[in-house]
Amino acid sequence: MVHPRKRSRKRLITSDSDDDDDYTDKDYSIEEDTSKQLVLYDPQTTRRQQREFQLDEPIYDSTPLQQIPPKTKYGGHSRVLPSIGHYTVQCAQCFKWRVVPTKEKYEELRETISEELFVCARAREWNRVLSCDDPEDMSQDGSRVWAIDKPNIAQTPVGWNREVRIRGEGCSKFADVYYTSPAGTTLRSMVEIERYLAENPFYVRQGVYLGQFSFATPKPLQEDYVRKRKYSATTRELPDILEPVEVPSAAR
DNA sequence: AAGCTACGTCGATT
DNA sequence: AATCGACGTAGCTT
């Protein structure tokens with residue numbers, strides 16, 4: 001589905017200037033700049049609607065794709081898997097998608113993906129002998145929910161966990177990001193992180209600081225995955241797709 | 001009853 | 001106008 005519509009306009013290696021603010025839709029869109037794409041995808045499609053997703057073939061045999069199971073200290077694991085099932089990165093040379101074995105490695109790659117483009121040979125970093133001649137690990141067919149991540153997000157502090165939870169299709173937002181501290185506290189905004197660190201200077205002494213956190217959410221590959229917002233206050237016309245609200249059937 | 005998760009909301013921002 | 005950021009909460013889980 002990826003149109004080879006690339007324009008040679010790639011300005012890879014965004015200047016050091018500013019990591020974040022540099023990215024616009026252009027950097028995000030896979031058609032444009034394919035040199036630094038990181039993607040995570042949800043293998044399950046948020047439980048709600050469990051379409052008939054033929055569980056696809058294993059990515060590539062013996063990869064320890066072990067996802068850190070939700071460490072709910074409350075035992076129960078209502079959710080079998082965290083929202084994200086696999087992490088992939090696209091080779092800047094052959095454009096094939098490569099599965100990254102662990103979230104840690106994925107975050108490591110992501111942090112500097114703009115400066116250090118990923119190429120198949122780098123799979124050695126996780127002891128995998130790979131070249132651009134090898135068939136791709138997976139393709140963006142429509143069988144999964146793909147989330148295009150934002151480049152250059154700081155690595156999660158050791159001992160902490162950053163989790164992206166993709167919402168169900170049709171929701172008003174695509175996903176949410178949560179951080180869990182080593183102590184097990186879940187935090188869901190920079191405001192909460194800030195407060196938490198203030199209340200627990202222990203971490204700050206350990207070297208943890210705000211710059212290591214980012215609640216930037218990935219965006220869905222599927223364009224219409226997220227429901228559009230209701231209607232703006234200024235707009236007079238309502239969305240014709242208003243829920244089947246009971247019609248004041250005057251004719252009755 | 002209490003804890004969580006997933007989702008809606010809405011002001012702020014781009 | 002679209003997206004982001006932060007947070008309130010319904011309702012499910014423990």
Side-chain angles (χ1 to χ4, degrees), chain A residues 14 17-32 39-51 67-85 103 110 144-154 156 160-199 209-245:
Chain A
T14 67
S17 61
D18 224 295
D19 29 306
D20 297 346
D21 312 41
D22 251 2
Y23 301 102
T24 56
D25 308 10
K26 182 179 299 133
D27 301 279
Y28 256 151
S29 109
I30 60 173
E31 288 92 6
E32 306 278 329
V39 160
L40 7 88
Y41 80 86
D42 182 346
Q44 282 201 336
T45 350
T46 352
R47 77 285 202 54
R48 271 291 176 273
Q49 45 197 156
Q50 70 286 57
R51 308 307 195 59
Q67 201 54 48
I68 303 167
K71 53 189 63 175
T72 51
K73 51 209 315 189
Y74 301 79
H77 41 28
S78 56
R79 304 169 63 75
V80 183
L81 290 173
S83 187
I84 305 303
K103 174 153 63 175
R110 182 177 58 190
R144 296 289 183 280
V145 175
W146 289 76
I148 302 175
D149 220 344
K150 184 173 179 178
N152 304 5
I153 291 177
T156 302
W160 291 65
N161 182 46
R162 180 179 194 274
E163 184 181 356
V164 172
R165 295 184 197 165
I166 295 176
R167 295 188 175 189
E169 184 169 6
C171 281
S172 52
K173 284 188 57 186
F174 178 55
D176 297 292
V177 173
Y178 296 91
Y179 277 92
T180 302
S181 75
T185 301
T186 296
L187 303 163
R188 55 181 194 160
S189 73
M190 285 306 287
V191 174
E192 291 185 9
I193 293 286
E194 195 168 4
R195 188 175 65 228
Y196 185 80
L197 291 182
E199 297 175 347
Y209 60 99
L210 268 56
Q212 296 176 296
F213 300 86
S214 169
F215 285 86
T217 59
K219 86 172 204 175
L221 176 65
Q222 193 186 324
E223 198 45 61
D224 58 344
Y225 189 89
V226 177
R227 187 211 320 156
K228 298 310 176 187
R229 227 228 262 208
K230 320 283 281 188
Y231 53 86
S232 66
T234 54
T235 303
R236 219 157 280 287
E237 56 189 320
L238 303 178
D240 42 59
I241 46 175
L242 212 47
E243 302 309 315
V245 180

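In this text, all values refer to a predicted model and were calculated from it rather than measured experimentally.
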Rounded off to whole Å, could you give me the [atom1]-to-[atom2] distance for the [X] and [N] pair?
{"X": "Tyr225(A)", "N": "dT3(C)", "atom1": "OH", "atom2": "C1'", "answer": "18 Å"}
{"X": "Lys228(A)", "N": "dC7(B)", "atom1": "NZ", "atom2": "C1'", "answer": "17 Å"}
{"X": "Arg227(A)", "N": "dG8(B)", "atom1": "CZ", "atom2": "C1'", "answer": "8 Å"}
{"X": "Arg165(A)", "N": "dC7(B)", "atom1": "CZ", "atom2": "C1'", "answer": "12 Å"}
{"X": "Lys150(A)", "N": "dT3(C)", "atom1": "NZ", "atom2": "C1'", "answer": "12 Å"}

Taking all atoms of both residues into account, what is the closest heavy-atom pair of Tyr225(A) and Gly168(A), and its distance? OH-C, 3.4 Å
Taking the side chain as every heavy atom from C-beta outward, state whether Gln222(A) and Val145(A) have any atom pair closer than 4.5 Å. no
Would a 4.5 Å heavy-atom cut-off, applied to side chains only, mark Pro182(A) and Trp160(A) as touching? yes
For Phe174(A), answer base if it contacts any base atom (sugar-phosphate contacts may also be present), sugar-phosphate if it contacts only those atoms, and nothing otherwise; contact means non-hydrogen atoms under 4.0 Å. nothing
Go through the structure and list residues passing side chain to side chain contact (heavy atoms under 4.5 Å, CB included) with Val177(A), not counting sequence neighbours. Arg162(A), Val164(A), Tyr179(A), Phe215(A), Thr217(A)
Between Asp176(A) and the options Arg188(A), Arg165(A), Arg167(A), the salt bridge (Lys or Arg N to Asp or Glu O under 4.0 Å) test singles out Arg167(A)
Taken in chain and number order and not counting sequence neighbours, the residues that satisfy salt bridge (charged side-chain N to carboxylate O under 4.0 Å, His left out) with Arg195(A) are none
Please tabulate, one pair per line, each protein N/O and nucleotide N/O from nucleotides 6-10 of chain C that are separated by under 3.5 Å, including the distance.
residue : atom : partner   : partner atom : Å
dA6(C)  : OP2  : Met190(A) : N            : 3.4
dA6(C)  : N6   : Lys173(A) : NZ           : 3.4
dC7(C)  : OP2  : Ser189(A) : OG           : 3.0
dG8(C)  : N7   : Arg188(A) : NH2          : 2.7
dG8(C)  : O6   : Arg188(A) : NH1          : 2.7

